[in-house]
Amino acid sequence: MNENFETNSDFTGEPVPQAPVKPARGRELILAAVLLVACLWTANSVIFGGYGLGLALGLWTIMLATALYILPKSGRGWYSVTCLGAALLLTASLLRSGDAFMKFCLFALSLGAYFLGLSQWAEGARYSAGTAESLVGLRRAVFDLPYPAIAPAFQGLFMRQTPEGPRKRKLGGVILGLLLAVPVLFVVIPLLMSSDAAFEGLVDRAMGFTDGEPVITLIVGAMLFLPVYARPLALAEPQAPKEKLRYGQGIAPVTLNSFLCAVSLVYLVYLFSQLAYFFSAFEGILPQGFTQAEYARRGFFEMAVVCGINLALVAFSTAAVRKTPELPRLTKALCLFVLGFSMVLVICSGSKMAMYIGAYGLTRLRVLTSLFMVCAAVALICAAVRLLRRSFPYMKIIVLTVLLVGCLAGFADVDTQIARYNVDAYLSGRLETVDVQHLAELSDGAIPELARLLDCQDDAVRTQARDCLERIKDWRGTEEAADFRTWNWAAAQADRVLRELNN
């Protein structure tokens, strides 16, 4: 970042360097104006409108404005553009789903894709996108670079660059004075309101002071604006070259290989001792003493924990072993065995889950578990290929897989697909029963599918479905009318179905 210093004197008479500032020119002023409005809008939408259209519009504006500012000053690549495009798609998928938990996950994933795209856009030459090293660039884009730049960037809004150096803007002084008046007015206005009923009524009508929405929006939006504005300014600055990796350091291969041999031996013994248990899932044979639910759940948690540990072991081993510069062959072979064992767990857990779904249908947990297993399998395969071919961009494949799965889950709407699968399976005879109460407890996406049960032949199921829809309609009828900030597709379709219920 540009460092502009002015000299002052404190009481000792010694020169004191001032904080570095980045005077705002035309592009920075336009960027600041757009981001300030977007941050205020986003803060208001997420607090008072939830994960709906308002939040999506705010995030789109922030993402696009930031990317367009960095665009002329940094290198581009298909991977960074893909991550930024995925961030926009994941944000758009907030308008499809009606489930709060899924929308939170999609929101978090969209931010992750956005920050990763920015970091690779600005620092792709420093941190390779194909390796886990890119996560260091992600951390720098989120925390290391923007937050130290907040004070210089904010101060620069009130400065202009002249041949003699940075000078304060007259308009900047006016804006700064208004900002300084805000905390005083927060104290004075409530006191005046309490002293006079007419003034209180005027403020209530003009500003909506009773619910605190303008005040909360201003405070949260301003806090959000500071890092959001500082981030593109910091990422647009050229960074110092990264120090090259030096070989010949790390853990001795004999030590690390002994450690991996001990772990692999335990895994090998465990694999043989549990051979029938693991592979019975492929034949649809249920072990004695297990229900299908217990069998599938136990297999999944085994897989998740062991795969996480094994991926960490392989990552540690390949990073910590002493290289010259190739990875020792025995270390490579042991790591491949650990990854292969993990893959066996994933495949067996997937087979058990398929058996479980075939017997009882879909639930949100079963769907998310299956999606997790897909991502885990891709991660294990990529890690194994990376061991065999050092130039393989494993992190790109893993990240793109996660983003693709997230986009598919967001636009397909998990609850819609759960309800559709269960209703289709019941109406076609593949499932003997359908849990109507479970479908009614899902989000808005399940309501159109639940309404299809009104035409089924079973009187009990038909009556139960109608009762559930009536309860949902009565409950939704007590809610206040939602504004466009909260709009999404699932809620709109659910409202249409419920309006037609008694027609």
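Treat the numbers as computed from the prediction; the structure is a model and nothing was measured. Nothing fancy with the numbering, it's 1 onward along the sequence.
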Is it true that atom CH2 of W60 has more than 12 heavy atoms of other residues, nucleotides or ligands lying nearer than 6.0 Å?
->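 Atom CH2 in W60 is crowded, with more than 12 foreign heavy atoms closer than 6.0 Å.
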For the atom pair [atom1] ([X]) and [atom2] ([Y]), what is the distance rounded to the nearest 0.5 Å?
X    : Y    : atom1 : atom2 : answer
L387 : L339 : CG    : CG    : 6.0 Å
L118 : L138 : CG    : CG    : 9.5 Å
C407 : L106 : SG    : CG    : 8.5 Å
L439 : Q464 : CG    : CD    : 9.5 Å

Any donor-acceptor pair under 3.5 Å from [X] side chain to [Y] backbone:
X    : Y    : result
T416 : G445 : yes
N488 : S97  : yes
S349 : V346 : no
E28  : L157 : no
R96  : A490 : no

So, do [X] and [Y] sit near enough that their side-chain heavy atoms are less than 4.5 Å apart?
X    : Y    : result
L336 : L388 : yes
F107 : V46  : no
L311 : L313 : no
S119 : R140 : no
D444 : W489 : no
Y360 : L431 : no
D467 : R471 : yes
M63  : L84  : no

Give the table of side-chain donor-acceptor pairs shorter than 3.5 Å for residues 446-454, with sequence neighbours excluded, one pair per line with atom names and distance.
residue	atom	partner	partner atom	Å
E449	OE1	R452	NH1	2.7
E449	OE2	R420	NE	3.3
E449	OE2	R420	NH2	3.4
R452	NH1	D424	OD1	3.0
R452	NH2	D424	OD1	2.6

Please give me the minimum heavy-atom distance between [X] and [Y], naming the atom from each residue.
X    : Y    : value
A141 : P146 : O-CG, 3.1 Å
C83  : L116 : SG-CD2, 4.1 Å
D458 : A460 : OD1-N, 2.9 Å

Is the NZ or CZ atom of R430 positioned over Y421's six-membered ring, under 6.0 angstrom from the centre and within 45° of the axis?
->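 Because its charged atom sits under 6.0 Å from the ring centre and within 45° of the axis, R430 does stack over Y421.
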Taking distance alone, no hydrogens or angles, what donor-acceptor pairs closer than 3.5 Å link side-chain atoms of residues 393-405 to residues at least two apart or in another chain?
residue	atom	partner	partner atom	Å
Y394	OH	A132	N	2.8
T401	OG1	I397	O	2.7

Salt bridge (Lys or Arg N to Asp or Glu O under 4.0 Å) partners of residues 29-38, not counting sequence neighbours, each pair once =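 Listed once each, the pairs would be none.
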Is there any salt bridge (Lys or Arg N to Asp or Glu O under 4.0 Å) pair reaching into residues 363-385, and which pairs are they, with sequence neighbours excluded?
->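 Counting only pairs at least two positions apart or across chains, the salt bridge (Lys or Arg N to Asp or Glu O under 4.0 Å) contacts touching residues 363-385 are D99-R364, R364-D415.
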Donor-acceptor contacts under 3.5 Å from residues 31-44 side chains, at least two apart:
residue	atom	partner	partner atom	Å
W41	NE1	S45	OG	3.4
W41	NE1	G54	O	2.8
T42	OG1	A38	O	2.7
N44	OD1	R485	NH1	2.3
N44	ND2	E213	OE2	2.8
N44	ND2	T217	OG1	3.0

Among all residues two or more places apart in sequence or in another chain, which pass the ring-ring contact (aromatic ring centres under 6.0 Å, His included) test with F392?
->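 ring-ring contact (aromatic ring centres under 6.0 Å, His included) check on F392 returns nothing, list empty.
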Pair T66-Y114, side-chain donor/acceptor within less than 3.5 Å =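 Yes, Y114 and T66 have a side-chain donor paired with an acceptor closer than 3.5 Å.
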For [X] and [Y], take the angle between the two ring planes, folded into 0 to 90°, and tell me which bin it lands in: parallel under 30, tilted 30 to 60, perpendicular over 60.
X    : Y    : answer
F143 : Y147 : parallel
F225 : Y229 : parallel
Y51  : F104 : perpendicular

